Amino acid sequence: LPTCTRAPVGLPGYWDQTSEANHRYSWYRKSTHGHNTLTFGAWDAPSGTDALGKTNQDATAVSNITLFHAPSVVEEPHYAIVDHTPVYAGQGVKSVRRGFAMIYDFTELIIVDEFDAPDLNVTWAMHTPAEIYANKGGDLPEVELRQDDIALRVATLDVPEDGKAQFHAKDVKLEPPQEPVTDPLRKLTLTSTAGHGRFVVAMALHQPRASRVRPLSEWAKYGPLDGP
């Protein structure tokens, strides 16, 4: 989802379909870094620079929905899988798939990213106006997002074994003439130095209940959860 700047006023090349520096996809709002998705091969990159263009998704490629399960009963899990491989193939990424699952009566969201990108690090990202606090303890990274007396727990259920994945939070600072759509705007990232494996992230207004999540290849037959 695009999250990051107001209407494009005074942004040179914003309407040009190119990834050159100072053109459409070098501005944070349109770059892959400015969206709640994956980037490969770069921890982060400043807006308005060529570094953004080199790690952008291919704007001419198409991601395909390969599975969509939406039963009429709300108590059952609802889930979908998107194959993002075409939009990252130009960066040397072999495969990328993202699964979404709403579980436990729509009280919990699971996001699963499976990727195979030899010799590249991979970064998961989301943008938020909320304050971000790290929850200490446990073997896997976990944070809490707080805004207006509401707290959202964001917990990792799986990360690449050899990737040393850690959550990082920072304020998004944009160079003029860009302006954030909300102030403050913060970015939560989860980066692994290993380009092969998966991220499994759970979000809920309570401590996430999900513990065992199946590989995406098993969702069509068994659903997303391996157990209650």
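This one's a predicted model, so the numbers in the text were calculated from it and none came from an experiment. Index from 1, following the sequence.
Sorted by first and then second residue, the salt bridge (charged side-chain N to carboxylate O under 4.0 Å, His left out) pairs with a member in residues 190-212 read D158-R198; sequence neighbours excluded.
Centroid-to-centroid, the aromatic rings of F115 and Y88 stay 6.0 Å apart or farther. Separation of the H69 and F100 ring centroids does not fall under the 6.0 Å cut-off.
Nearest heavy atom pair, residue K187 against residue A125, reads CE-CB, 3.7 Å. Residues H78 and P71 approach most closely at NE2-O, 2.8 Å, considering heavy atoms. Contact record, H168 with Q166: CD2-O, 3.5 Å, taken as the closest heavy-atom pair. Nearest heavy atoms, R146 versus A151: CG-CB, 4.3 Å. In this structure, A220 and L67 approach most closely via the heavy-atom pair N-CD2, 3.8 Å.
In this structure, the side chains of T37 and Q57 come closer than 4.5 Å at one or more pairs of heavy atoms.
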Applying side chain to side chain donor-acceptor pair (under 3.5 Å), run through N56 and T32 and close with a yes or a no. CA-CA 5 Å; N56 275 332; T32 302; 3.3 Å; yes
Report the C-alpha separation of D58 and T60 in whole Å, then their side-chain angles, then the decisive distance to 0.1 Å, and conclude whether the side chain to side chain donor-acceptor pair (under 3.5 Å) test is met. CA-CA 5 Å; D58 182 352; T60 65; 2.6 Å; yes
Walk me through it: do T55 and H33 pass the test side chain to side chain donor-acceptor pair (under 3.5 Å)? CA-CA 8 Å; T55 56; H33 284 269; 2.9 Å; yes
Test side-chain contact (heavy atoms from CB on, under 4.5 Å) on W219 and V213 and set out the steps. CA-CA 9 Å; W219 282 24; V213 179; 4.1 Å; yes
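Each of I81, T85, V87 was scored for a side chain to side chain contact (heavy atoms under 4.5 Å, CB included) with D83, with one residue passing: T85.
Side-chain atoms of D105 and T107 form no donor-acceptor pair, as typed in the model, at a separation below 3.5 Å.
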